[in-house]
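This report refers to the structure that appears directly beneath it.
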There are 2 protein chains.
Amino acid sequence: MGQSDTRTRIQGAATVLFRRNGYSATGLKRIAAEADAPFGSIYHFFPGGKQQLAETTIRTSGAEYGRMVLALLDSVPDPVESLVHAFEAAADDLAAADYADACPIGTVALEVASSNEVLRVATAEVFEEWVGTATRWFGRWVAEPKTAHSLAYSMIMMLEGAFMLSRAARDPKPLRVAGRSMAELLRAATTQRS
Amino acid sequence: MGQSDTRTRIQGAATVLFRRNGYSATGLKRIAAEADAPFGSIYHFFPGGKQQLAETTIRTSGAEYGRMVLALLDSVPDPVESLVHAFEAAADDLAAADYADACPIGTVALEVASSNEVLRVATAEVFEEWVGTATRWFGRWVAEPKTAHSLAYSMIMMLEGAFMLSRAARDPKPLRVAGRSMAELLRAATTQRS
DNA sequence: GTCTATAGTGGGATAGAC
DNA sequence: GTCTATCCCACTATAGAC
(Lines give C-alpha, C1' and ligand atoms only; values in the text may rest on other atoms or scores of the structure.)
Protein backbone atom coordinates (compact mmCIF):
# COMPACT_ATOMS: atom_id res chain seq x y z
CA MET A 1 0.00 0.00 0.00
CA GLY A 2 2.80 2.41 0.84
CA GLN A 3 3.88 2.57 -2.78
CA SER A 4 0.64 3.26 -4.54
CA ASP A 5 -0.34 5.52 -1.68
CA THR A 6 2.52 7.86 -2.53
CA ARG A 7 1.41 7.86 -6.12
CA THR A 8 -2.14 8.67 -5.04
CA ARG A 9 -1.00 11.55 -2.85
CA ILE A 10 1.11 12.99 -5.67
CA GLN A 11 -1.76 12.78 -8.11
CA GLY A 12 -4.15 14.26 -5.58
CA ALA A 13 -1.90 17.21 -4.82
CA ALA A 14 -1.33 17.79 -8.52
CA THR A 15 -5.06 17.76 -9.21
CA VAL A 16 -5.68 20.39 -6.54
CA LEU A 17 -2.85 22.67 -7.61
CA PHE A 18 -3.51 22.44 -11.35
CA ARG A 19 -7.16 23.18 -10.70
CA ARG A 20 -6.45 26.22 -8.53
CA ASN A 21 -3.43 27.79 -10.17
CA GLY A 22 -3.13 26.16 -13.56
CA TYR A 23 -0.38 24.24 -15.29
CA SER A 24 2.45 26.73 -15.72
CA ALA A 25 2.21 28.27 -12.27
CA THR A 26 2.35 24.88 -10.54
CA GLY A 27 5.82 23.56 -9.82
CA LEU A 28 6.71 19.93 -9.33
CA LYS A 29 8.57 20.81 -6.16
CA ARG A 30 5.41 22.33 -4.76
CA ILE A 31 3.44 19.22 -5.71
CA ALA A 32 5.95 16.98 -3.95
CA ALA A 33 5.82 19.18 -0.84
CA GLU A 34 2.01 19.23 -0.70
CA ALA A 35 1.93 15.47 -1.22
CA ASP A 36 4.52 14.88 1.51
CA ALA A 37 6.44 12.87 -1.05
CA PRO A 38 10.09 12.97 -2.07
CA PHE A 39 10.70 14.88 -5.27
CA GLY A 40 12.14 11.85 -7.06
CA SER A 41 8.93 9.88 -6.54
CA ILE A 42 7.20 12.06 -9.09
CA TYR A 43 9.55 10.82 -11.79
CA HIS A 44 9.34 7.29 -10.45
CA PHE A 45 5.57 7.13 -10.87
CA PHE A 46 5.36 9.53 -13.79
CA PRO A 47 8.47 9.04 -15.95
CA GLY A 48 7.07 11.46 -18.48
CA GLY A 49 7.46 14.27 -15.96
CA LYS A 50 5.12 17.20 -15.57
CA GLN A 51 3.25 16.58 -18.79
CA GLN A 52 2.45 12.96 -17.99
CA LEU A 53 1.37 13.89 -14.48
CA ALA A 54 -0.89 16.61 -15.85
CA GLU A 55 -2.36 14.33 -18.51
CA THR A 56 -3.15 11.74 -15.85
CA THR A 57 -4.84 14.27 -13.58
CA ILE A 58 -6.81 15.76 -16.49
CA ARG A 59 -8.21 12.39 -17.56
CA THR A 60 -8.79 11.05 -14.05
CA SER A 61 -10.26 14.13 -12.42
CA GLY A 62 -12.17 14.88 -15.61
CA ALA A 63 -13.92 11.52 -15.53
CA GLU A 64 -14.59 11.84 -11.80
CA TYR A 65 -16.04 15.30 -12.19
CA GLY A 66 -18.30 14.14 -15.00
CA ARG A 67 -19.67 11.35 -12.83
CA MET A 68 -20.20 13.78 -9.96
CA VAL A 69 -22.16 16.24 -12.08
CA LEU A 70 -24.31 13.48 -13.54
CA ALA A 71 -25.08 12.15 -10.06
CA LEU A 72 -26.05 15.66 -9.02
CA LEU A 73 -28.39 16.00 -12.01
CA ASP A 74 -29.94 12.62 -11.27
CA SER A 75 -30.64 13.51 -7.65
CA VAL A 76 -33.68 15.64 -8.50
CA PRO A 77 -36.53 14.08 -10.52
CA ASP A 78 -37.75 17.11 -12.48
CA PRO A 79 -35.09 18.05 -15.04
CA VAL A 80 -35.76 21.79 -15.01
CA GLU A 81 -35.56 21.94 -11.23
CA SER A 82 -32.56 19.68 -11.37
CA LEU A 83 -30.60 22.13 -13.52
CA VAL A 84 -31.32 24.98 -11.15
CA HIS A 85 -30.40 22.79 -8.20
CA ALA A 86 -27.13 21.57 -9.73
CA PHE A 87 -25.89 25.08 -10.49
CA GLU A 88 -26.96 26.24 -7.02
CA ALA A 89 -24.96 23.39 -5.52
CA ALA A 90 -21.95 24.35 -7.64
CA ALA A 91 -22.33 27.94 -6.45
CA ASP A 92 -22.45 26.88 -2.80
CA ASP A 93 -19.47 24.56 -3.19
CA LEU A 94 -17.40 27.21 -4.93
CA ALA A 95 -18.12 29.81 -2.27
CA ALA A 96 -17.35 27.27 0.46
CA ALA A 97 -14.01 26.54 -1.22
CA ASP A 98 -13.21 30.26 -1.17
CA TYR A 99 -13.60 30.38 -4.96
CA ALA A 100 -10.56 28.17 -5.51
CA ASP A 101 -11.89 24.78 -6.60
CA ALA A 102 -14.07 25.03 -9.67
CA CYS A 103 -13.71 22.90 -12.82
CA PRO A 104 -10.68 20.61 -12.44
CA ILE A 105 -9.53 21.10 -16.03
CA GLY A 106 -10.86 24.48 -17.18
CA THR A 107 -7.84 26.61 -16.34
CA VAL A 108 -5.40 24.12 -17.80
CA ALA A 109 -7.52 23.71 -20.92
CA LEU A 110 -7.19 27.39 -21.82
CA GLU A 111 -3.51 27.51 -20.90
CA VAL A 112 -2.41 24.60 -23.06
CA ALA A 113 -4.78 25.00 -25.99
CA SER A 114 -2.15 26.70 -28.14
CA SER A 115 1.04 25.35 -26.63
CA ASN A 116 0.83 21.65 -25.74
CA GLU A 117 -0.83 19.20 -28.11
CA VAL A 118 -0.83 16.24 -25.72
CA LEU A 119 -2.60 18.15 -22.98
CA ARG A 120 -4.89 19.96 -25.40
CA VAL A 121 -6.12 16.63 -26.76
CA ALA A 122 -6.60 15.31 -23.22
CA THR A 123 -8.82 18.25 -22.26
CA ALA A 124 -10.71 18.02 -25.55
CA GLU A 125 -11.46 14.35 -24.97
CA VAL A 126 -12.69 15.01 -21.45
CA PHE A 127 -15.03 17.74 -22.72
CA GLU A 128 -16.22 15.40 -25.46
CA GLU A 129 -16.96 12.72 -22.88
CA TRP A 130 -18.95 15.20 -20.79
CA VAL A 131 -20.94 16.33 -23.79
CA GLY A 132 -21.80 12.71 -24.57
CA THR A 133 -22.94 12.01 -21.04
CA ALA A 134 -24.97 15.21 -20.88
CA THR A 135 -26.52 14.52 -24.29
CA ARG A 136 -27.82 11.19 -23.02
CA TRP A 137 -29.23 12.92 -19.91
CA PHE A 138 -31.04 15.59 -21.90
CA GLY A 139 -32.19 12.89 -24.33
CA ARG A 140 -34.45 11.54 -21.60
CA TRP A 141 -36.60 14.67 -21.87
CA VAL A 142 -36.01 16.01 -25.34
CA ALA A 143 -37.16 14.21 -28.45
CA GLU A 144 -34.75 15.61 -31.01
CA PRO A 145 -31.20 14.20 -30.56
CA LYS A 146 -29.80 17.37 -32.08
CA THR A 147 -31.56 19.47 -29.50
CA ALA A 148 -30.29 17.27 -26.68
CA HIS A 149 -26.78 17.64 -28.06
CA SER A 150 -27.06 21.44 -28.19
CA LEU A 151 -28.41 21.57 -24.66
CA ALA A 152 -25.51 19.42 -23.47
CA TYR A 153 -22.95 21.67 -25.10
CA SER A 154 -24.68 24.74 -23.75
CA MET A 155 -24.78 23.40 -20.21
CA ILE A 156 -21.06 22.70 -20.13
CA MET A 157 -20.14 25.99 -21.78
CA MET A 158 -22.41 27.90 -19.42
CA LEU A 159 -20.89 26.09 -16.44
CA GLU A 160 -17.32 26.86 -17.54
CA GLY A 161 -18.13 30.49 -18.25
CA ALA A 162 -19.96 30.83 -14.96
CA PHE A 163 -17.01 29.38 -13.08
CA MET A 164 -14.79 31.98 -14.72
CA LEU A 165 -17.00 34.92 -13.78
CA SER A 166 -17.79 33.64 -10.30
CA ARG A 167 -14.15 33.06 -9.48
CA ALA A 168 -13.09 36.44 -10.85
CA ALA A 169 -15.78 38.31 -8.94
CA ARG A 170 -15.69 36.04 -5.88
CA ASP A 171 -19.46 35.97 -6.19
CA PRO A 172 -21.76 32.93 -6.61
CA LYS A 173 -24.31 34.94 -8.58
CA PRO A 174 -23.06 34.14 -12.10
CA LEU A 175 -23.43 30.42 -11.38
CA ARG A 176 -26.98 30.93 -10.14
CA VAL A 177 -27.88 32.98 -13.21
CA ALA A 178 -26.38 30.28 -15.41
CA GLY A 179 -28.56 27.64 -13.77
CA ARG A 180 -31.73 29.61 -14.36
CA SER A 181 -30.77 30.23 -18.00
CA MET A 182 -30.16 26.53 -18.57
CA ALA A 183 -33.55 25.78 -16.99
CA GLU A 184 -35.10 28.32 -19.35
CA LEU A 185 -33.39 26.71 -22.34
CA LEU A 186 -34.67 23.27 -21.40
CA ARG A 187 -38.18 24.66 -20.82
CA ALA A 188 -38.09 26.29 -24.24
CA ALA A 189 -37.01 23.02 -25.81
CA THR A 190 -39.84 21.05 -24.22
CA THR A 191 -42.63 23.65 -24.55
CA GLN A 192 -44.70 24.59 -27.55
CA ARG A 193 -44.15 28.18 -28.53
CA SER A 194 -46.74 30.32 -30.34
CA MET B 1 6.86 59.14 -31.31
CA GLY B 2 9.71 56.70 -30.89
CA GLN B 3 9.21 56.54 -27.17
CA SER B 4 5.52 55.84 -26.86
CA ASP B 5 5.77 53.60 -29.89
CA THR B 6 8.00 51.26 -27.97
CA ARG B 7 5.52 51.25 -25.14
CA THR B 8 2.73 50.45 -27.59
CA ARG B 9 4.65 47.58 -29.13
CA ILE B 10 5.42 46.12 -25.71
CA GLN B 11 1.80 46.33 -24.65
CA GLY B 12 0.65 44.86 -27.95
CA ALA B 13 3.00 41.91 -27.75
CA ALA B 14 2.02 41.32 -24.12
CA THR B 15 -1.67 41.35 -25.04
CA VAL B 16 -1.15 38.73 -27.73
CA LEU B 17 0.99 36.43 -25.59
CA PHE B 18 -1.14 36.65 -22.46
CA ARG B 19 -4.19 35.92 -24.55
CA ARG B 20 -2.65 32.88 -26.24
CA ASN B 21 -0.59 31.30 -23.50
CA GLY B 22 -1.71 32.91 -20.28
CA TYR B 23 0.09 34.84 -17.57
CA SER B 24 2.52 32.34 -16.03
CA ALA B 25 3.68 30.81 -19.27
CA THR B 26 4.52 34.19 -20.80
CA GLY B 27 7.99 35.52 -20.04
CA LEU B 28 9.00 39.15 -20.14
CA LYS B 29 11.96 38.25 -22.31
CA ARG B 30 9.65 36.76 -24.87
CA ILE B 31 7.48 39.87 -24.76
CA ALA B 32 10.50 42.11 -25.34
CA ALA B 33 11.64 39.93 -28.22
CA GLU B 34 8.23 39.89 -29.92
CA ALA B 35 7.95 43.66 -29.46
CA ASP B 36 11.44 44.25 -30.88
CA ALA B 37 12.16 46.22 -27.74
CA PRO B 38 15.06 46.06 -25.31
CA PHE B 39 14.30 44.14 -22.15
CA GLY B 40 14.92 47.15 -19.92
CA SER B 41 12.22 49.15 -21.69
CA ILE B 42 9.58 46.99 -20.09
CA TYR B 43 10.63 48.20 -16.65
CA HIS B 44 11.03 51.72 -17.95
CA PHE B 45 7.41 51.93 -19.11
CA PHE B 46 6.00 49.53 -16.56
CA PRO B 47 7.94 50.00 -13.31
CA GLY B 48 5.60 47.58 -11.57
CA GLY B 49 6.99 44.80 -13.72
CA LYS B 50 5.00 41.87 -15.04
CA GLN B 51 1.98 42.50 -12.88
CA GLN B 52 1.59 46.11 -13.93
CA LEU B 53 2.04 45.19 -17.57
CA ALA B 54 -0.59 42.47 -17.25
CA GLU B 55 -3.02 44.75 -15.44
CA THR B 56 -2.64 47.34 -18.19
CA THR B 57 -3.24 44.82 -20.95
CA ILE B 58 -6.24 43.34 -19.12
CA ARG B 59 -7.95 46.71 -18.72
CA THR B 60 -7.04 48.05 -22.16
CA SER B 61 -7.70 44.97 -24.25
CA GLY B 62 -10.76 44.22 -22.14
CA ALA B 63 -12.32 47.59 -22.92
CA GLU B 64 -11.40 47.26 -26.60
CA TYR B 65 -12.86 43.80 -26.86
CA GLY B 66 -16.09 44.96 -25.23
CA ARG B 67 -16.43 47.76 -27.78
CA MET B 68 -15.74 45.33 -30.61
CA VAL B 69 -18.40 42.86 -29.51
CA LEU B 70 -20.95 45.63 -29.06
CA ALA B 71 -20.22 46.96 -32.54
CA LEU B 72 -20.66 43.45 -33.89
CA LEU B 73 -24.01 43.11 -32.15
CA ASP B 74 -25.14 46.50 -33.47
CA SER B 75 -24.26 45.59 -37.05
CA VAL B 76 -27.39 43.46 -37.52
CA PRO B 77 -30.82 45.03 -36.87
CA ASP B 78 -32.75 42.00 -35.60
CA PRO B 79 -31.37 41.05 -32.15
CA VAL B 80 -31.97 37.31 -32.46
CA GLU B 81 -30.24 37.17 -35.82
CA SER B 82 -27.56 39.43 -34.45
CA LEU B 83 -26.66 36.98 -31.68
CA VAL B 84 -26.34 34.13 -34.14
CA HIS B 85 -24.29 36.32 -36.45
CA ALA B 86 -21.95 37.53 -33.70
CA PHE B 87 -21.13 34.02 -32.50
CA GLU B 88 -20.66 32.88 -36.10
CA ALA B 89 -18.22 35.72 -36.63
CA ALA B 90 -16.37 34.75 -33.46
CA ALA B 91 -16.22 31.16 -34.70
CA ASP B 92 -14.82 32.22 -38.08
CA ASP B 93 -12.27 34.53 -36.49
CA LEU B 94 -11.10 31.89 -34.04
CA ALA B 95 -10.67 29.29 -36.76
CA ALA B 96 -8.84 31.83 -38.93
CA ALA B 97 -6.50 32.55 -36.03
CA ASP B 98 -5.74 28.83 -35.73
CA TYR B 99 -7.67 28.72 -32.45
CA ALA B 100 -5.14 30.92 -30.69
CA ASP B 101 -6.80 34.31 -30.24
CA ALA B 102 -10.04 34.07 -28.33
CA CYS B 103 -11.01 36.20 -25.33
CA PRO B 104 -8.09 38.50 -24.41
CA ILE B 105 -8.53 37.99 -20.66
CA GLY B 106 -10.22 34.61 -20.16
CA THR B 107 -7.13 32.48 -19.68
CA VAL B 108 -5.50 34.98 -17.34
CA ALA B 109 -8.72 35.39 -15.37
CA LEU B 110 -8.78 31.70 -14.43
CA GLU B 111 -5.05 31.58 -13.76
CA VAL B 112 -4.92 34.47 -11.33
CA ALA B 113 -8.31 34.08 -9.63
CA SER B 114 -6.80 32.39 -6.58
CA SER B 115 -3.26 33.72 -6.64
CA ASN B 116 -3.09 37.42 -7.54
CA GLU B 117 -5.59 39.88 -6.06
CA VAL B 118 -4.59 42.84 -8.24
CA LEU B 119 -5.07 40.94 -11.47
CA ARG B 120 -8.16 39.13 -10.21
CA VAL B 121 -9.84 42.46 -9.49
CA ALA B 122 -8.82 43.77 -12.90
CA THR B 123 -10.44 40.84 -14.70
CA ALA B 124 -13.54 41.08 -12.49
CA GLU B 125 -13.96 44.75 -13.32
CA VAL B 126 -13.64 44.07 -17.05
CA PHE B 127 -16.29 41.36 -16.85
CA GLU B 128 -18.51 43.70 -14.85
CA GLU B 129 -18.12 46.39 -17.51
CA TRP B 130 -19.05 43.89 -20.24
CA VAL B 131 -22.12 42.78 -18.32
CA GLY B 132 -23.22 46.39 -17.97
CA THR B 133 -22.79 47.09 -21.67
CA ALA B 134 -24.58 43.90 -22.66
CA THR B 135 -27.39 44.58 -20.20
CA ARG B 136 -28.06 47.91 -21.90
CA TRP B 137 -28.04 46.19 -25.30
CA PHE B 138 -30.53 43.51 -24.24
CA GLY B 139 -32.57 46.22 -22.52
CA ARG B 140 -33.49 47.56 -25.93
CA TRP B 141 -35.56 44.45 -26.58
CA VAL B 142 -36.46 43.09 -23.18
CA ALA B 143 -38.81 44.92 -20.83
CA GLU B 144 -37.66 43.52 -17.48
CA PRO B 145 -34.26 44.91 -16.42
CA LYS B 146 -33.61 41.76 -14.44
CA THR B 147 -34.14 39.64 -17.55
CA ALA B 148 -31.81 41.84 -19.59
CA HIS B 149 -29.21 41.46 -16.86
CA SER B 150 -29.53 37.68 -16.86
CA LEU B 151 -29.26 37.54 -20.64
CA ALA B 152 -26.15 39.70 -20.52
CA TYR B 153 -24.49 37.42 -17.96
CA SER B 154 -25.51 34.36 -19.93
CA MET B 155 -24.13 35.70 -23.18
CA ILE B 156 -20.72 36.41 -21.71
CA MET B 157 -20.57 33.11 -19.84
CA MET B 158 -21.65 31.21 -22.92
CA LEU B 159 -19.03 33.01 -25.00
CA GLU B 160 -16.25 32.24 -22.52
CA GLY B 161 -17.27 28.60 -22.21
CA ALA B 162 -17.59 28.27 -25.97
CA PHE B 163 -14.11 29.72 -26.46
CA MET B 164 -12.78 27.12 -24.04
CA LEU B 165 -14.40 24.18 -25.82
CA SER B 166 -13.68 25.45 -29.32
CA ARG B 167 -10.03 26.04 -28.55
CA ALA B 168 -9.64 22.65 -26.85
CA ALA B 169 -11.29 20.78 -29.72
CA ARG B 170 -9.95 23.06 -32.45
CA ASP B 171 -13.51 23.14 -33.75
CA PRO B 172 -15.77 26.17 -34.31
CA LYS B 173 -18.90 24.16 -33.57
CA PRO B 174 -19.22 24.97 -29.85
CA LEU B 175 -19.25 28.68 -30.68
CA ARG B 176 -21.97 28.18 -33.26
CA VAL B 177 -24.07 26.13 -30.85
CA ALA B 178 -23.60 28.83 -28.22
CA GLY B 179 -24.91 31.47 -30.60
CA ARG B 180 -28.04 29.49 -31.39
CA SER B 181 -28.66 28.89 -27.68
CA MET B 182 -28.35 32.58 -26.92
CA ALA B 183 -30.77 33.32 -29.75
CA GLU B 184 -33.17 30.80 -28.25
CA LEU B 185 -32.86 32.40 -24.82
CA LEU B 186 -33.64 35.85 -26.19
CA ARG B 187 -36.57 34.45 -28.19
CA ALA B 188 -37.92 32.81 -25.04
CA ALA B 189 -37.60 36.10 -23.17
CA THR B 190 -39.50 38.05 -25.79
CA THR B 191 -42.17 35.49 -26.67
CA GLN B 192 -45.33 34.55 -24.80
CA ARG B 193 -45.25 30.94 -23.73
CA SER B 194 -48.37 28.81 -23.14
C1' DG C 1 15.77 57.60 -21.69
C1' DT C 2 17.93 53.38 -24.04
C1' DC C 3 19.91 49.37 -23.64
C1' DT C 4 23.05 45.41 -21.70
C1' DA C 5 24.83 42.47 -18.24
C1' DT C 6 23.98 40.12 -14.33
C1' DA C 7 22.14 38.96 -9.86
C1' DG C 8 19.02 35.96 -7.54
C1' DT C 9 15.33 32.76 -7.60
C1' DG C 10 12.69 28.86 -8.82
C1' DG C 11 11.67 25.87 -12.56
C1' DG C 12 12.10 20.80 -14.71
C1' DA C 13 14.89 17.08 -14.93
C1' DT C 14 18.61 13.65 -13.63
C1' DA C 15 22.31 10.94 -11.32
C1' DG C 16 23.36 8.13 -7.92
C1' DA C 17 23.57 6.90 -2.86
C1' DC C 18 21.00 3.98 0.05
C1' DG D 1 12.18 1.27 -5.17
C1' DT D 2 13.06 5.45 -2.04
C1' DC D 3 14.92 9.52 -1.53
C1' DT D 4 18.54 13.45 -1.89
C1' DA D 5 21.69 16.42 -4.08
C1' DT D 6 22.61 18.71 -8.00
C1' DC D 7 22.58 20.28 -12.88
C1' DC D 8 21.04 23.44 -16.15
C1' DC D 9 17.93 26.60 -17.74
C1' DA D 10 14.37 30.28 -17.82
C1' DC D 11 12.42 33.53 -15.24
C1' DT D 12 11.82 38.27 -12.83
C1' DA D 13 14.14 42.03 -11.42
C1' DT D 14 17.89 45.36 -10.99
C1' DA D 15 22.26 47.88 -11.55
C1' DG D 16 24.70 50.68 -14.22
C1' DA D 17 27.04 51.90 -18.77
C1' DC D 18 25.99 54.82 -22.53
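From a predicted model like this one, the values you see are computed outputs, not experimental measurements. Just so you know, these numbers use all the heavy atoms, side chains as well, and skip hydrogens, waters and symmetry mates. The sequence lines fix the lettering, A, B, ..., with proteins before strands; numbering per chain opens at 1.
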Rounded to whole Å, how long is the line connecting atom [atom1] of [X] with atom [atom2] of [N]?
X	N	atom1	atom2	answer
B/Leu53	D/dC11	CG	C1'	15 Å
A/Lys50	C/dT14	NZ	P	15 Å
B/Arg9	C/dT2	CZ	P	11 Å
B/Ile31	D/dT12	CD1	C1'	11 Å
B/Ile10	C/dT2	CD1	P	9 Å
B/Leu28	D/dA10	CG	P	15 Å
A/Gln52	C/dG12	CD	P	15 Å
B/Phe39	C/dT2	CZ	C1'	14 Å

For a quick check under 3.5 Å, do A/Thr60 and A/Gln11 share a side-chain donor-acceptor pair by atom type?
yes
What does B/Gly40 touch in the nucleic acid at a heavy-atom separation under 4.0 angstrom: a base, only the sugar-phosphate, or nothing?
base
Across the strands shown, which category fits B/Thr26 at heavy-atom distances under 4.0 angstrom: base, sugar-phosphate, nothing?
sugar-phosphate
Parallel, tilted or perpendicular: which describes the rings of B/Phe39 and B/Tyr43, with under 30° parallel and over 60° perpendicular?
tilted
Flag the pair B/Leu28 / B/Leu53 as yes when at least one side-chain heavy-atom distance between them is below 4.5 Å, and no otherwise.
yes
Using a cut-off of less than 4.0 Å, is there contact between a side-chain N or O of B/Lys29 and OP1 or OP2 of D/dC11?
no
When you measure from the side-chain N and O atoms of A/His44 to the phosphate of D/dT2, is any distance below 4.0 Å, counting only OP1 and OP2?
yes
Nearest 0.5 angstrom please: B/Arg19 CZ to B/Ser61 OG, how far?
7.5 Å
The side chain of B/Tyr43 lies closest to which of these nucleotides: C/dC3, D/dT14, D/dT4?
D/dT14
